[in-house]
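Okay, structure first, notes after.
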Amino acid sequence: MYNTKKITDDLFYIGSDDYRLTLFENIHPIQKGVSYNSYLLLDEKTVLLDTLDWSKGEEFLAKIEQVLAGKNLDYMVIHHMEPDHGAMIGEVLLRYPQVKVIASKQAFVFMKQFGFKLNEENMLVVKEGDKISFGKHELAFVGAPMVHWPEALVSFDTTTGTLFSADAFGSFGTLFGRIYDDEFDIEKELLDEMRRYYTNIVGKFGMPVQTLLKKASGLDIKMICPLHGPIWRTNLGLLLDKYNKWSTYEAEERGILVVYASMYGNTERAAASLASKLVDKGAKKVVVYDVSKTDISTLISETFKYSHLVLASPTYNAGVFPLMHNYLEDMKALSVQKKTVGIIENGTWACKAGEEMIKALGEMKNMTILEERVKILSSMNEKNAEEMDKLAEALVKSL
Ligand code: FEO
């Protein structure tokens with residue numbers, strides 16, 4: 001027996017948790033793992049909604065067989081063709097050769113690129129506005145291009161008010177038995193991994209997410225079934241509010257994120273000194289990270305979260321410290337915007353880090369760089385202490 005869950009009388013969760021994978025997309029650490037979600041609808045016609053990652057293929061096929069209990073599989077909807085959801089298409093086709101695959105035109109192009117062999121009779125192309133009835137249930141298809149791939153579709157079950165949302169509204173983290181949002185403590189167990197997933201995977205595409213949210217606002221949504229993380233049936237308001245903030249690059253919290261790089265501890269001491277002054281001057285939320293010790297996906301997530309940012313870096317190879325450079329490049333790539341930024345630079349000779357950081361920030365939208373800057377020559381001196389006071393004052397004033 002394989003673990004499946006009945007969501008409604010005729011809709012089943014047949015996803016799997018992956019706690020063995022260390023890096024999602026071979027780049028983002030997932031200490032809490034990830035779930036790949038798939039759903040199976042048993043109506044007059046049977047409908048599989050997306051597949052799973054190859055690593056979970058064996059149990060996935062067994063789960064389909066278990067839930068179908070002797071029925072045939074009539075349809076397979078592919079909302080999104082990235083291999084963590086589309087990898088099992090070929091295996092499903094082998095076992096259920098008569099199945100009709102429903103996907104966008106571009107998803108079929110991608111399927112062929114990934115090497116799946118589909119016959120014309122297996123393919124049913126859908127686009128925005130198309131509706132297909134499977135008996136009691138009707139799916140209305142809605143385009144979600146660039147959330148976060150161009151072929152993405154979502155579908156809305158008009159009978160039950162269920163949105164099958166592809167990667168939108170997904171999260172890192174395993175489920176292990178709890179499949180609904182209300183079975184988690186959202187603040188303690190979900191929010192950080194939701195934000196880290198959104199900002200690193202979808203964060204670049206704020207405008208397309210806004211377009212999708214506008215389309216979703218016209219639907220009477222009762223439940224959201226994403227391809228990662230829990231099914232949302234209770235705290236939909238919270239979820240939509242977070243997505244609206246993240247996709248408009250508005251901070252969730254007025255607070256100061258200090259990210260520093262330090263080779264021998266002098267810039268670290270400067271960052272610590274600033275943090276202390278900020279707290280003394282009344283800042284309620286100050287968080288400090290060492291860029292060399294913190295995964296960049298966490299830094300990005302925290303950058304989206306807070307309104308203010310301080311970057312402190314030594315000069316390295318006549319530029320900024322390499323890991324700080326990577327962080328800035330990632331900020332740029334993920335469209336980070338709307339921050340008030342303070343700069344602390346260090347250099348024993350030819351101090352260049354500040355100039356480089358300001359140049360990179362200048363390539364992002366709506367970044368306010370404070371004029372009060374701290375320039376350290378090797379280690380903090382009395383002049384730096386005064387500069388630091390002024391920077392702390394300016395940051396707290398602008399909170
Ligand atoms: Fe979870 Fe874009 O694949």
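Scope of the values below: all heavy atoms of this structure, side chains included, with no hydrogens, waters or symmetry mates. Numbering of ligands and ligand atoms starts at 1, following listing order. We count residues from 1, following the sequence as given.
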List-wise, which protein N, O or S atoms are found short of 2.8 Å from atom 2 (Fe) of ligand 1?
His80 NE2, Glu82 OE1, His148 NE2, Asp167 OD2
Tyr36 and Phe60 aromatic centres sub-6.0 Å
no
Just to verify, which of Asp43, Asp10, Asp157 counts as forming a salt bridge (Lys or Arg N to Asp or Glu O under 4.0 Å) with Lys136?
Asp10
Hey, what's the ring geometry for Phe172 with Phe24, parallel, tilted or perpendicular (30° and 60° as the breaks)?
perpendicular
Using the rule given for side-chain contact (heavy atoms from CB on, under 4.5 Å), can you reason through Met146 versus Leu212, listing the C-alpha separation, both sets of side-chain angles and the distance that settles it, and then say yes or no?
CA-CA 10 Å; Met146 297 322 297; Leu212 180 62; over 6 Å; no
Is the NZ or CZ atom of Arg178 positioned over Phe184's six-membered ring, under 6.0 angstrom from the centre and within 45° of the axis?
yes
Residue pairs passing the salt bridge (Lys or Arg N to Asp or Glu O under 4.0 Å) test where at least one lies in residues 14-35, sequence neighbours excluded:
none
